[in-house]
J.: 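Here you go, one structure.
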Amino acid sequence: MRTLAPLALVLVAATAYGVWYQRSRGRITTGKSKKQQKSASPGLTGIEIGADLGSRVTLVQFSSAFCSPCRATRALLTDITADMADVQHVEIDAESHLELVRRLDIRSTPTTLILDSAGVEVGRAVGAPKRDQVITALAAVH
Amino acid sequence: MATINTNAKTVTNGKAILIDARGPRFSATLTTLVLAIALVTHSAVVIALQLAIFTIGAFVGPQKTPYAWLFKNFIKPRLSGDVPTEDVRPPQFAQKIGFLFAVVALSGSLLSAPIVFTVATAFALAAAFLNAAFNYCLGCELYLLVTRATHRS
């Protein structure tokens with residue numbers, strides 16, 4: 001059993017996963033995937049997310065306790081949306097909203113949904129999103 | 001921003017203990033090295049050593065381990081610029097996962113079950129390596145999945 005094979009296997013597999021992880025985390029996807037279509041109909045309501053929807057856009061951020069990027073994401077989204085009167089940022093504790101989490105297929109935190117004025121999901125970011133991408137995504141919602 | 005339904009226990013807030021975020025990443029690098037040595041040598045002593053460190057990290061705090069001490073005394077003084085901080089709970093969660101894998105690995109080693117040792121050490125190594133090389137957040141990826149699987153709404 002004293003071989004380098006397990007070590008090599010772990011490093012190769014973890015590197016492949018790590019590269020995918022870094023590329024996918026934070027990227028805003030706006031494509032109409034099956035998951036998004038499923039959650040898109042009929043659209044989230046203010047009651048479900050516990051706050052009024054924004055008049056143009058709502059950012060719904062799912063967070064959890066053991067999550068460093070959740071804190072950074074909250075700070076970023078709070079900052080971006082501070083002077084946007086028509087954009088609402090809502091942070092939800094995923095752990096205490098498991099039904100919603102399952103229905104929307106939230107698997108990791110932070111996951112941020114971009115909802116239009118009707119509460120329909122038009123995009124989501126898994127992981128901490130980048131500032132310029134958030135601003136671009138917000139500008140694209142009418 | 002409307003922070004709603006905030007459970008002060010779970011969503012990070014004012015009272016959180018903040019630590020230098022570079023510390024856990026340095027610790028993960030050392031952990032990767034030690035676990036790699038353990039995986040290749042099948043040494044019960046090496047995995048026991050790492051288990052001792054995980055135990056401190058998991059139950060006292062990741063900022064209290066010997067690795068963190070090395071960071072504080074030898075690495076941190078050489079670093080400049082802003083100190084990025086993070087809540088202590090995410091890295092502590094990761095230490096607990098490491099602790100579990102190390103317990104299984106050491107048990108496998110002591111009970112002459114080398115395959116158990118190899119698999120458990122391999123998973124712990126993968127997590128530590130991902131943390132060190134890719135800033136992987138184990139708590140972000142694992143905690144909600146486990147909670148979803150084990151709790152009714």
Side-chain angles (χ1 to χ4, degrees), chain A residues 1-7 9-11 13-15 17-22 25 49-52 54 58-59 61-72 74 77-79 81-82 88-103 106-111 126-128, chain B residues 1-13 16 18 21 24 32 35-37 39-42 84-87 89-94 96 114-115 117-119 121-131 133-145 147-148 151-153:
Chain A
M1 291 292 287
R2 293 196 185 197
T3 89
L4 288 171
L7 177 63
L9 185 68
V10 167
L11 293 182
T15 300
Y17 177 72
V19 167
W20 170 83
Y21 173 82
Q22 272 201 334
R25 288 304 177 262
I49 62 166
D52 290 337
T58 309
L59 297 174
Q61 178 192 340
F62 287 86
S63 297
S64 67
F66 306 115
C67 169
S68 292
C70 290
R71 203 169 139 250
R74 181 206 301 150
L77 297 182
T78 302
D79 185 48
T81 59
Q88 172 79 293
H89 171 210
V90 184
E91 187 177 14
I92 293 181
D93 176 24
E95 198 181 346
S96 52
H97 294 79
L98 288 177
E99 200 175 313
L100 197 58
V101 160
R102 290 194 182 98
R103 181 153 64 89
I106 311 292
R107 295 177 189 182
S108 65
T109 53
T111 293
V126 177
Chain B
M1 182 191 88
T3 303
I4 53 105
N5 307 312
T6 301
N7 181 340
K9 183 174 70 77
T10 48
V11 171
T12 50
N13 243 315
L18 298 179
T32 301
L35 288 173
I37 292 167
L39 187 62
V40 173
T41 61
H42 270 235
T85 58
E86 73 173 327
D87 190 327
R89 291 176 300 172
Q92 186 153 2
F93 176 81
K96 283 182 178 162
I115 190 71
F117 172 88
T118 300
V119 171
T121 306
F123 272 105
L125 171 63
F129 173 72
L130 281 167
N131 190 193
F134 298 97
N135 207 14
Y136 184 71
C137 172
L138 191 62
C140 303
E141 302 300 317
L142 206 59
Y143 182 66
L144 188 58
L145 276 185
T147 308
R148 273 180 64 163
H151 288 67
R152 302 265 130 233
S153 308

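Both backbone and side-chain heavy atoms feed into the values below; hydrogens, waters and symmetry mates do not. Chain letters run A, B, ... following the sequence lines, proteins first, then strands; residues in each count from 1.
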J.: Distance check, rounded to the nearest 0.5 Å: A/F66 atom CZ versus B/Y143 atom OH?
T.: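 Those atoms lie 5.0 Å apart.
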J.: When you look at CZ of B/F123, are more than 12 heavy atoms from neighbouring residues, nucleotides or ligands closer to it than 6.0 Å?
T.: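 Counting neighbours around CZ of B/F123, 12 or fewer heavy atoms of other residues, nucleotides or ligands fall under 6.0 Å, so no.
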J.: Between CG of A/L9 and CG of B/L125, what distance do you get to the nearest 0.5 Å?
T.: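 A/L9 CG to B/L125 CG: 10.5 Å, rounded to 0.5 Å.
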J.: First locate atom CZ of A/R25, then atom CG of B/N135, and finally report the distance between them rounded to the nearest 0.5 Å.
T.: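 Reported to 0.5 Å precision, the distance equals 13.0 Å.
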J.: Side chain, backbone, both or neither: which part of A/V19 has a heavy atom under 4.5 Å from chain B?
T.: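 Backbone plus side chain of A/V19, per the 4.5 Å heavy-atom cut-off to chain B.
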J.: With a 4.5 angstrom heavy-atom cut-off, could you sort out which part of A/T111 is near chain B: side chain, backbone, both or neither?
T.: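 Interface part for A/T111: neither.
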J.: Which answer fits B/I37, side chain, backbone, both or neither, if we ask what part of it has an atom under 4.5 Å from a heavy atom of chain A?
T.: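 Answer is neither: B/I37 stays 4.5 Å or more from chain A.
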J.: Give me the atom names and distance for the closest heavy-atom approach of B/C140 to A/T109.
T.: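 Shortest heavy-atom contact: CB-O, 2.9 Å.
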J.: Within this structure, what is the CD-SG distance for the pair B/E86 and A/C67, rounded to the nearest 0.5 Å?
T.: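 So the gap between those two atoms works out to 10.5 Å.
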J.: Select one option (side chain, backbone, both, neither) describing which atoms of B/L145 are under 4.5 Å from chain A's heavy atoms.
T.: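 Both the backbone and the side chain of B/L145 come within 4.5 Å of chain A.
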J.: Count the heavy atoms belonging to other residues, nucleotides or ligands that lie under 6.0 Å from CG of A/D79, then report whether that count exceeds 12.
T.: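 Result for CG/A/D79: enclosed.
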J.: Taking atom CZ of B/R148 and atom OG of A/S108, what is their separation to the nearest 0.5 Å?
T.: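 Answer for the CZ-OG pair, B/R148 versus A/S108, is 10.0 Å.
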J.: Please report the interatomic distance CG(B/L144) to CD1(A/I106), rounded to the nearest 0.5 Å.
T.: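 Between atom CG of B/L144 and atom CD1 of A/I106 there are 8.0 Å.
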J.: List the residues meeting ring-ring contact (aromatic ring centres under 6.0 Å, His included) with B/F117, not counting sequence neighbours, and say none if there are none.
T.: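 Once residues adjacent in sequence are excluded, the partners of B/F117 under the ring-ring contact (aromatic ring centres under 6.0 Å, His included) criterion are B/H42.
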J.: Once you measure the plane-to-plane angle for B/Y136 and A/Y17, does it fall in the parallel (<30°), tilted (30-60°) or perpendicular (>60°) bin?
T.: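 It falls in the perpendicular class, over 60°.
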J.: Write down the atom of B/L39, the atom of A/P6, and the distance for their closest heavy-atom approach.
T.: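 Of all heavy-atom pairs spanning B/L39 and A/P6, the closest is CD2-C, 3.8 Å.
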J.: Residues in side-chain contact (heavy atoms from CB on, under 4.5 Å) with B/A94, at least two apart?
T.: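 In terms of side-chain contact (heavy atoms from CB on, under 4.5 Å), with neighbours along the sequence ignored, B/A94 is linked to B/L138.
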J.: Grab the two heavy atoms, one from A/T15 and one from B/F134, that are nearest each other, plus how far apart they are.
T.: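 So the minimum-distance heavy-atom pair works out to O-CZ, 3.8 Å.
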J.: Pick one of side chain, backbone, both or neither for A/V10, based on which atoms fall under 4.5 Å of a heavy atom in chain B.
T.: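 Contact with chain B is through the side chain of A/V10 alone.
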